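In this text, all values refer to a predicted model and were calculated from it rather than measured experimentally. We use all heavy atoms of the structure for the numbers below, so side chains are in, but hydrogens, waters and symmetry mates are not.
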Amino acid sequence: MRTTWTLMPARPTDPDAAELLWRYFEEIVRRYHRRPVRPGEVEGAMAELASGDLVPPTGLLLVA
């Protein structure tokens, strides 16, 4: 069986991209701080690090 992937550019505010970024920040907390995410923690980190560098001309965010 062959798997096909579709890649498309996305803005960090697009629903699918925002969900992926939320999960990324959540994993950072769990993996590196070795604890569950606290309420509002991911949202706070996402607001502080708004991912503006993931849009042209400085970057590109691809969603598969």
Side-chain angles (χ1 to χ4, degrees):
M1 180 189 232
R2 189 173 159 178
T3 302
T4 303
W5 291 84
T6 301
L7 288 175
M8 50 189 229
R11 299 187 68 74
T13 54
D14 292 347
D16 289 339
E19 175 71 18
L20 289 171
L21 289 169
W22 197 97
R23 291 183 182 276
Y24 168 75
F25 278 95
E26 177 188 39
E27 182 169 343
I28 293 288
V29 171
R30 286 187 295 110
R31 183 175 294 205
Y32 295 103
H33 298 289
R34 299 177 191 255
R35 61 172 172 74
V37 175
R38 296 178 184 137
E41 184 173 23
V42 170
E43 292 79 5
M46 289 178 72
E48 186 178 323
L49 304 167
S51 301
D53 58 339
L54 297 177
V55 296
T58 57
L60 177 65
L61 175 62
L62 297 174
V63 174

**Message:** Quick check for you: to the nearest 0.5 Å, what is the distance between Met8 atom CE and Leu61 atom CG?
**Reply:** 10.0 Å
**Prompt:** What's the shortest heavy-atom distance between Arg11 and Ala17, and which atoms?
**Reply:** O-CB, 3.3 Å
**Item:** Exercise: identify the closest heavy-atom pair between Pro12 and Ser51
**Value:** CG-O, 3.4 Å
**Request:** Would you name the heavy atoms of Val29 and Glu41 that are closest together and state the gap between them?
**Result:** CG1-OE1, 3.8 Å
**Request:** With side-chain contact (heavy atoms from CB on, under 4.5 Å) as the test, would you mind laying out the steps for Trp22 and Glu43 before giving the verdict?
**Result:** CA-CA 8 Å; Trp22 197 97; Glu43 292 79 5; 3.2 Å; yes
**Prompt:** Is there a path of hydrophobic side-chain contacts, each under 4.5 Å between heavy atoms of I, L, V, M, F, W or Y residues, that connects Phe25 with Leu54?
**Reply:** yes
**Message:** With a sphere of 6.0 Å drawn around CZ of Arg35, does it hold more than 12 non-hydrogen atoms of other residues, nucleotides or ligands?
**Reply:** yes
**Asked** Are Leu49 and Leu60 joined in one hydrophobic group, where the rule is that I, L, V, M, F, W and Y side chains link up if heavy atoms are under 4.5 Å apart?
**Response** no
**Prompt:** Going hydrophobic residue to hydrophobic residue with side-chain gaps under 4.5 angstrom, can you get from Tyr24 over to Tyr32?
**Reply:** yes
**Prompt:** More than 12 foreign heavy atoms under 6.0 Å from CZ of Arg23: is that the case here?
**Reply:** no
**Complete:** For Val63 and Ala10 the tightest heavy-atom approach is CG2-CB, 3.6 Å
**Message:** Which heavy atom of Met46 sits nearest to which heavy atom of Leu21, and what is that distance?
**Reply:** CE-CB, 4.0 Å
**Fill in**
Between Gly52 and Thr58, the two heavy atoms sitting closest are O-OG1, 3.9 Å
